**Student:** 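If you scroll down you'll find the structure; I have some questions about it.
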Amino acid sequence: QVQLVESGGGLVQAGGSLRVSCAASDPTFSLHAMAWFRQATGKERDFVAGIDWTGHTTFYGGFVGGRFTISRDNAKNLVYLQMNDLRPEDTAVYFCAAHRTFSLPTSAHSYDYWGQGTQVTVSS
């Protein structure tokens, strides 16, 4: 069972940057695709970014527009989401998710393990 713990959320002004991190407990972390999803109040959970088990392949939600970067450190069991040029509409709870696969799913239904989420609030 993979346990995921997010950190690094907070309040930032529009145009600012924030990096959220996700720490995984399982030693097989490197065999998992990792992803970030977000959910704003009253809205569905959306795919933000994903990275495959090697770290060489990444994919982003259409709204990202080059502003976010996902990365991972398999030696430290960490995955990051660097967010730049943040906008008020990026305000949401950001969740880290994991799925043991060599592919890179983008559907929330494909992910088996989830963190508790970290709140990101962007003020205008």
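Keep in mind it's a predicted model, so treat the numbers as computed, not measured.
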**Student:** Mind listing the closest non-hydrogen atom pair of Thr57 and Thr54 along with its distance?
**Tutor:** N-OG1, 4.3 Å

**Student:** Taking everything shown except Gln116 itself, do over 12 heavy atoms lie less than 6.0 Å from its CD?
**Tutor:**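 No, the 6.0 Å shell around CD holds no more than 12 heavy atoms from other groups.
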
**Student:** Roughly how far apart are Arg87 CZ and Ser124 OG, rounded to 0.5 Å?
**Tutor:** 14.0 Å

**Student:** State, yes or no, whether a side-chain contact exists between His32 and Tyr113 at a heavy-atom distance under 4.5 Å.
**Tutor:**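 Yes. Closest side-chain heavy atoms under 4.5 Å.
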
**Student:** Has Glu6 got a side-chain atom pairing as donor or acceptor with Cys96's backbone, closer than 3.5 angstrom?
**Tutor:** yes

**Student:** Taking the six-membered ring of Tyr80, is NZ or CZ of Arg19 closer than 6.0 Å to its centre and within 45° of its axis?
**Tutor:**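 Judged by the rule (NZ or CZ under 6.0 Å from the ring centre, within 45° of its axis), Arg19 counts as positioned above Tyr80.
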
**Student:** Does a donor on one side chain and an acceptor on the other come within less than 3.5 Å for Arg38 and Tyr94?
**Tutor:**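 Result is yes, a qualifying pair exists.
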
**Student:** Do the side chains of Val20 and Val120 get nearer than 4.5 Å, heavy atoms only?
**Tutor:**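 In contact.
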
**Student:** Shortest non-hydrogen contact from Trp36 to Ser21?
**Tutor:**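 Nearest pair, atom of Trp36 first, then Ser21: CH2-O, 3.6 Å.
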
**Student:** Given the ring of Phe29, does Arg100 sit roughly above its face, with NZ or CZ under 6.0 Å from the centre of the six-membered ring and within 45° of the axis?
**Tutor:** no

**Student:** Give the C-alpha distance, both sets of side-chain angles, the deciding distance and a yes or no for side-chain contact (heavy atoms from CB on, under 4.5 Å) between Leu18 and Leu86.
**Tutor:** CA-CA 8 Å; Leu18 205 61; Leu86 283 160; 3.8 Å; yes

**Student:** Give, for atom CZ of Arg67 and atom CD of Gln82, the distance between the pair rounded to the nearest 0.5 Å.
**Tutor:** 12.0 Å

**Student:** Less than 6.0 Å separating the ring centroids of Trp53 and Phe102?
**Tutor:** yes

**Student:** Is it true that Phe37 and Phe95 have ring centroids separated by less than 6.0 Å?
**Tutor:** no

**Student:** Side-chain contact test, heavy atoms from C-beta onward, threshold under 4.5 Å: evaluate it for Thr106 versus Phe59 and give yes or no.
**Tutor:** yes

**Student:** Could you state whether Leu81 and Trp114 fall into the same hydrophobic cluster, counting links through intermediate Ile, Leu, Val, Met, Phe, Trp or Tyr residues with side-chain heavy atoms under 4.5 angstrom apart?
**Tutor:** no

**Student:** Indicate yes or no: at least one non-hydrogen side-chain atom of Met83 is less than 4.5 angstrom from one of Ser17.
**Tutor:** no

**Student:** Do you know the tightest heavy-atom contact between Asp90 and Asp85?
**Tutor:** OD2-O, 4.4 Å

**Student:** Would you say Val64 and Val93 are hydrophobically clustered, going by side-chain heavy atoms of ILVMFWY under 4.5 Å?
**Tutor:** no

**Student:** Which atom names give the shortest non-hydrogen contact between Leu104 and Ala33, and what distance separates them?
**Tutor:**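 Closest approach of Leu104 to Ala33, heavy atoms only: CD1-CB, 4.3 Å.
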
**Student:** Quick check on Tyr60: does its OH atom have over 12 non-hydrogen neighbours (other residues, nucleotides or ligands) under 6.0 Å away?
**Tutor:** yes

**Student:** Between Thr91 (side chain) and Val122 (backbone), is there a donor-acceptor pair under 3.5 Å?
**Tutor:**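 Present.
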
**Student:** Has the side chain of Asp52 got a donor or acceptor atom that lies under 3.5 Å from a matching backbone atom of Thr58?
**Tutor:** no

**Student:** Does any non-hydrogen side-chain atom of Gln3 lie less than 4.5 Å from one of Val5?
**Tutor:**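 Contact flag for Val5/Gln3 side chains = no.
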
**Student:** Which residues pass the side chain to side chain contact (heavy atoms under 4.5 Å, CB included) test with Asp112, not counting sequence neighbours?
**Tutor:**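 With neighbours one apart ignored, the set is His99.
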
**Student:** Is Thr118 reaching over with its side chain to a backbone N or O of Ser7, donor-acceptor style, under 3.5 angstrom?
**Tutor:**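 It does not hold such a pair.
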
**Student:** Can you name the nearest heavy-atom pair linking Gly50 to Ile70, along with the distance?
**Tutor:**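 Nearest heavy atoms, Gly50 then Ile70: O-CG2, 3.6 Å.
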
**Student:** Heavy atoms only: give me the nearest Ile51-Ser71 pair and the separation to one decimal.
**Tutor:** CD1-CA, 3.7 Å

**Student:** If you measure from OG on Ser30 to CG on Asp73, what distance do you get to the nearest 0.5 Å?
**Tutor:** 11.0 Å

**Student:** Verify the neighbour count for atom CD of Gln119: are there more than 12 heavy atoms of other residues, nucleotides or ligands below 6.0 Å?
**Tutor:** yes

